[in-house]
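Working notes, structure below.
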Amino acid sequence: MPAHLNIQPVQSLDAPELALYRTLRRIEEHERAGVLVATNAKVVKRLLASRYTVVSALLTPAWLEQLEPLLLARPEEICIYVAEQKVLETITGYKLHQGRAGRG
(Lines give C-alpha, C1' and ligand atoms only; values in the text may rest on other atoms or scores of the structure.)
Protein backbone atom coordinates (compact mmCIF):
# COMPACT_ATOMS: atom_id res chain seq x y z
CA MET A 1 0.00 0.00 0.00
CA PRO A 2 1.53 3.38 -0.96
CA ALA A 3 2.22 6.11 1.56
CA HIS A 4 -0.34 8.67 2.50
CA LEU A 5 1.18 12.15 2.50
CA ASN A 6 -0.23 14.54 5.06
CA ILE A 7 0.97 17.87 3.58
CA GLN A 8 0.98 20.87 5.90
CA PRO A 9 2.14 24.38 4.95
CA VAL A 10 4.52 25.96 7.45
CA GLN A 11 5.04 29.70 7.93
CA SER A 12 7.44 29.38 10.88
CA LEU A 13 9.26 26.62 12.73
CA ASP A 14 7.77 27.42 16.15
CA ALA A 15 5.35 24.47 16.25
CA PRO A 16 6.30 21.70 18.74
CA GLU A 17 6.13 19.02 16.03
CA LEU A 18 9.02 20.77 14.23
CA ALA A 19 11.38 20.60 17.24
CA LEU A 20 13.59 17.95 15.60
CA TYR A 21 14.20 20.26 12.68
CA ARG A 22 15.06 23.23 14.89
CA THR A 23 17.75 21.16 16.64
CA LEU A 24 19.72 19.94 13.62
CA ARG A 25 23.00 20.75 15.35
CA ARG A 26 22.15 18.62 18.41
CA ILE A 27 22.94 15.21 16.97
CA GLU A 28 23.38 13.65 20.43
CA GLU A 29 19.76 14.50 21.31
CA HIS A 30 18.57 12.88 18.11
CA GLU A 31 20.63 9.76 18.79
CA ARG A 32 19.17 9.43 22.31
CA ALA A 33 15.67 9.75 20.82
CA GLY A 34 16.49 7.12 18.16
CA VAL A 35 15.88 9.61 15.36
CA LEU A 36 17.84 10.45 12.24
CA VAL A 37 17.39 13.89 10.69
CA ALA A 38 18.82 13.81 7.19
CA THR A 39 19.68 17.11 5.51
CA ASN A 40 21.79 16.02 2.55
CA ALA A 41 19.95 15.21 -0.70
CA LYS A 42 21.88 11.96 -1.19
CA VAL A 43 21.19 10.80 2.38
CA VAL A 44 17.52 11.75 2.08
CA LYS A 45 17.14 9.68 -1.08
CA ARG A 46 18.89 6.72 0.57
CA LEU A 47 16.61 7.04 3.59
CA LEU A 48 13.54 7.02 1.34
CA ALA A 49 14.84 3.86 -0.33
CA SER A 50 15.58 2.16 3.01
CA ARG A 51 13.55 -0.03 5.36
CA TYR A 52 13.55 2.68 8.06
CA THR A 53 10.26 4.33 8.92
CA VAL A 54 10.00 7.89 7.65
CA VAL A 55 8.02 9.98 10.11
CA SER A 56 8.09 13.41 8.52
CA ALA A 57 9.79 15.69 6.04
CA LEU A 58 10.43 19.41 6.00
CA LEU A 59 10.72 20.48 2.38
CA THR A 60 10.52 23.45 0.11
CA PRO A 61 7.79 23.24 -2.57
CA ALA A 62 10.47 22.47 -5.19
CA TRP A 63 11.92 19.59 -3.12
CA LEU A 64 8.45 18.19 -2.50
CA GLU A 65 7.86 18.12 -6.23
CA GLN A 66 11.19 16.39 -6.85
CA LEU A 67 10.86 13.83 -4.03
CA GLU A 68 7.13 13.14 -4.30
CA PRO A 69 7.52 9.90 -6.31
CA LEU A 70 9.91 8.50 -3.67
CA LEU A 71 7.64 9.65 -0.84
CA LEU A 72 4.56 8.11 -2.45
CA ALA A 73 6.40 4.80 -2.82
CA ARG A 74 6.77 4.54 0.98
CA PRO A 75 4.44 2.21 2.94
CA GLU A 76 3.79 4.55 5.88
CA GLU A 77 1.85 7.75 6.43
CA ILE A 78 4.29 10.68 6.29
CA CYS A 79 3.71 14.19 7.56
CA ILE A 80 5.17 16.61 5.02
CA TYR A 81 5.84 20.13 6.25
CA VAL A 82 6.25 22.54 3.35
CA ALA A 83 8.00 25.87 3.88
CA GLU A 84 9.68 28.44 1.72
CA GLN A 85 13.48 28.41 1.53
CA LYS A 86 13.81 31.48 3.80
CA VAL A 87 11.97 29.63 6.59
CA LEU A 88 14.27 26.61 6.31
CA GLU A 89 17.34 28.86 6.35
CA THR A 90 16.34 30.12 9.83
CA ILE A 91 17.27 26.68 11.20
CA THR A 92 20.99 26.91 10.52
CA GLY A 93 21.58 30.41 9.26
CA TYR A 94 22.76 29.13 5.89
CA LYS A 95 21.21 27.61 2.78
CA LEU A 96 19.56 24.31 3.71
CA HIS A 97 18.17 22.02 1.02
CA GLN A 98 15.76 19.89 3.04
CA GLY A 99 15.39 17.95 6.24
CA ARG A 100 13.95 14.54 6.88
CA ALA A 101 13.20 12.77 10.09
CA GLY A 102 13.06 9.00 10.27
CA ARG A 103 13.00 6.40 13.00
CA GLY A 104 15.14 3.29 12.87
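Quantities reported herein were computed from a predicted structural model and do not represent experimental measurements.
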Grab the two heavy atoms, one from R74 and one from S50, that are nearest each other, plus how far apart they are. NH1-O, 2.7 Å

Exercise: identify the closest heavy-atom pair between E76 and Y52: OE2-O, 3.9 Å

With rounding to the nearest 0.5 Å, note down the distance linking [atom1] in [X] to [atom2] in [Y].
X: L71; Y: I80; atom1: CG; atom2: CD1; answer: 4.5 Å
X: S56; Y: L20; atom1: OG; atom2: CG; answer: 7.0 Å
X: C79; Y: E17; atom1: SG; atom2: CD; answer: 7.0 Å
X: L72; Y: H4; atom1: CG; atom2: NE2; answer: 10.5 Å
X: K42; Y: L47; atom1: NZ; atom2: CG; answer: 14.5 Å
X: L58; Y: W63; atom1: CG; atom2: CH2; answer: 13.0 Å

Do the non-hydrogen side-chain atoms of [X] and [Y] ever get within less than 4.5 Å of each other?
X: L88; Y: T60; value: yes
X: P61; Y: V82; value: yes
X: E68; Y: L5; value: yes
X: V55; Y: I78; value: no

Does CD belonging to E84 count more than 12 external heavy atoms closer than 6.0 Å? no

For [X], check side-chain contact (heavy atoms from CB on, under 4.5 Å) against everything at least two apart and list the hits.
X: V43; result: A38, N40
X: A49; result: none
X: V87; result: L13, A83

Show, in sequence, the C-alpha distance, side-chain angles and deciding distance for L59 and Y81, and conclude whether the side-chain contact (heavy atoms from CB on, under 4.5 Å) test is met. CA-CA 6 Å; L59 304 167; Y81 302 104; over 6 Å; no

